[in-house]
Amino acid sequence: MIDFGGRSVVVTGAAGGVGSALVAVLSACGARVIACDREGTDLTDTGIEEVHHFDLLDDDAVAVFAKRIGESAAPAAVISNAGWTRAETLADVSTIALDHEMDLNFRSAALLSQALLPVMRNQPQAAAFVFISSVNAQAHFGNPAYAAAKAALNAWMRAIATEEGRNGIRANAVIPGSIRTGAWEHRLAHKPEILAAVGKLYPLGRLVEPIEVARAAVFLASPFASGITGTTLNVDAGLMASNLPFLDQIGG
């Protein structure tokens with residue numbers, strides 16, 4: 001029932017697991033998908049209408065991309081999906097890791113949204129930003145640099161929602177739990193049984209699928225969410241509603 005009517009939607013990290021799912025859901029909902037990812041990534045999906053290869057950590061490249069977008073029809077939405085983490089605990093967070101994770105998971109999305117704000121404002125059918133955040137921004141599950149970056153991203157989202165609402169721009173964040181994507185491969189290589197163990201922490205008994213995150217993001221980007229701004233939508237298999245291991249311990 002969601003129909004973007006051929007309006008454009010920008011997706012960053014479009015070649016990844018969640019990115020590919022976003023492309024599939026958006027194209028099925030009538031969006032003209034503008035896919036962005038790094039050089040060398042595969043953006044040949046049939047649901048993609050326009051491709052841009054650039055590094056979000058390159059400020060000049062981000063500015064060039066925003067200028068190109070500004071020269072065509074303004075997007076209906078921008079979904080900031082690109083992200084990455086590896087530093088698992090405080091002991092793993094070097095200054096290099098801290099800078100890299102903050103830059104990729106927060107700063108790049110903030111600068112891109114800031115650069116696109118002028119063209120997004122005051123559209124007859126309004127516009128939206130959706131940021132793919134994480135439960136790591138809500139509680140500590142490791143990955144402290146990533147968690148700090150995602151918490152900053154949530155704050156940035158609220159700033160856009162508050163200051164740009166008068167200009168017809170909404171902003172929200174999707175908060176996934178652990179998503180079954182390639183990001184888990186290094187953990188699986190070290191500890192193959194980790195998926196089964198982690199699944200026991202979730203009320204649904206499993207990790208979140210990329211398509212589930214994509215559907216939530218597309219809803220928030222769409223006219224169906226026209227009255228929703230400045231909020232977060234958890235897609236976390238029940239993790240943040242519960243302390244299932246504690247319940248199992250006291251349940252007898």
Side-chain angles (χ1 to χ4, degrees), residues 12-13 16-19 38 55-59 62 80-114 130-159 172-210 212-213 217 231-250:
T12 68
V18 174
R38 296 171 298 172
D55 190 342
L56 281 166
L57 298 178
D58 183 338
D59 292 355
V62 170
S80 286
N81 164 64
W84 181 90
T85 186
R86 182 56 61 86
E88 308 283 9
T89 66
L90 284 171
D92 300 317
V93 182
S94 64
T95 55
I96 293 174
L98 179 61
D99 288 346
H100 182 73
E101 295 219 20
M102 289 297 294
D103 285 348
L104 179 57
N105 297 304
F106 166 60
R107 186 176 181 276
S108 63
L111 291 183
L112 178 64
S113 61
Q114 192 174 43
V130 180
F131 299 94
I132 307 300
S133 184
S134 171
V135 291
N136 290 63
Q138 298 178 327
H140 186 57
F141 300 102
N143 305 98
Y146 177 79
K150 292 299 189 180
L153 191 64
N154 291 354
W156 185 265
M157 172 274 292
R158 290 189 291 269
N172 295 286
V174 174
I175 312 291
S178 298
I179 310 170
R180 183 63 176 94
T181 67
W184 278 84
E185 296 310 315
H186 74 284
R187 296 188 180 106
L188 287 167
H190 175 69
K191 189 176 182 181
E193 68 276 15
I194 192 170
L195 286 183
V198 170
K200 295 178 181 178
L201 305 177
Y202 289 82
L204 292 185
R206 61 173 177 82
L207 274 62
V208 174
E209 294 296 328
E212 295 171 319
V213 179
T231 194
T232 56
L233 174 59
N234 280 52
V235 184
D236 62 3
L239 180 67
M240 295 305 296
S242 66
N243 188 335
L244 191 56
F246 178 80
L247 185 63
D248 289 341
Q249 290 299 317
I250 66 171

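Quick caveat, the model's predicted, so the values are computed rather than measured.
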Exercise. For Thr95, what residues pass the side-chain contact (heavy atoms from CB on, under 4.5 Å) criterion, not counting sequence neighbours?
Worked result: none
Exercise. Taking only residues two or more places apart in sequence, or in another chain, which ones meet Ala159 in a side-chain contact (heavy atoms from CB on, under 4.5 Å)?
Worked result: none
Seminar exercise, completed: The salt bridge (charged side-chain N to carboxylate O under 4.0 Å, His left out) partners of Glu212 (sequence neighbours excluded) come to Arg206
Problem set entry | Non-neighbouring partners of Pro245 that pass side-chain contact (heavy atoms from CB on, under 4.5 Å), sequence neighbours left out | Leu201, Asn243
Problem set entry | Any donor-acceptor N/O pair, Tyr202 side chain to Gly177 backbone, under 3.5 Å | no
Problem set entry | Pairs flagged by side chain to side chain donor-acceptor pair (under 3.5 Å) wherever residues 134-145 is involved - sequence neighbours left out | Thr85-Asn143, Glu88-Asn143, Ser134-Asn136, Gln138-Asn234
For this session: Output every pair passing ring pair (Phe, Tyr, Trp, His ring centres under 6.0 Å) with a member in residues 85-108, not counting sequence neighbours, ordered by first then second residue.
Result: Trp84-His100
Problem set entry | Gap separating the OG1 atom of Thr89 from the CG atom of Asp92, nearest 0.5 angstrom | 3.5 Å
Exercise. Between Leu195 and Arg180, which heavy-atom pair has the shortest distance, and what is it?
Worked result: CD1-NE, 3.2 Å
For this session: Would you sort out whether Ile175 and Asp236 count as a side chain to side chain contact (heavy atoms under 4.5 Å, CB included), showing the intermediate values?
Result: CA-CA 7 Å; Ile175 312 291; Asp236 62 3; 5.9 Å; no
Exercise. Does any N or O in the side chain of Glu101 come within less than 3.5 Å of the main-chain N or O of Arg86, such that one atom is a donor and the other an acceptor?
Worked result: yes
Seminar exercise, completed: Closest non-hydrogen contact found for Thr12 with Ala82 is OG1-N, 3.1 Å
Problem set entry | Approximate separation, where rounding is to 0.5 Å, of Leu112 CG and Leu56 CG | 6.5 Å
For this session: Just jot down the side-chain contact (heavy atoms from CB on, under 4.5 Å) partners of Leu98, sequence neighbours excluded, or say none.
Result: Val93, Met102, Ala145
Seminar exercise, completed: salt bridge (Lys or Arg N to Asp or Glu O under 4.0 Å) pairs touching residues 191-201, sequence neighbours excluded, are none
Exercise. With no hydrogens and no angle check, is any side-chain donor or acceptor of Asn172 less than 3.5 Å from a backbone partner on Thr232?
Worked result: no
For this session: Please list, chain by chain and in numerical order, all residues satisfying side-chain hydrogen bond (donor to acceptor under 3.5 Å, both in side chains) with Asp58, sequence neighbours excluded.
Result: none
Exercise. Excluding sequence neighbours, so at least two apart, what forms salt bridge (charged side-chain N to carboxylate O under 4.0 Å, His left out) with Arg38?
Worked result: none
Exercise. Does a side-chain heavy-atom distance below 4.5 Å link Phe131 with Ser113?
Worked result: yes
Problem set entry | Test item: Ser242 and Leu247 side chains (from C-beta on) under 4.5 Å apart, heavy atoms | no
Exercise. Any side-chain heavy-atom pair from Leu207 and Val198 closer than 4.5 angstrom?
Worked result: yes
Problem set entry | Listed once per pair and sorted, the side chain to side chain donor-acceptor pair (under 3.5 Å) pairs that draw on residues 146-155, sequence neighbours left out | Ser133-Asn154
For this session: Report the residues that fulfil side-chain hydrogen bond (donor to acceptor under 3.5 Å, both in side chains) with Arg107, sequence neighbours left out, ordered by chain and then residue number.
Result: Asp59
Problem set entry | Within-4.5 Å side-chain heavy-atom neighbours: Leu153 and Asn105 | no
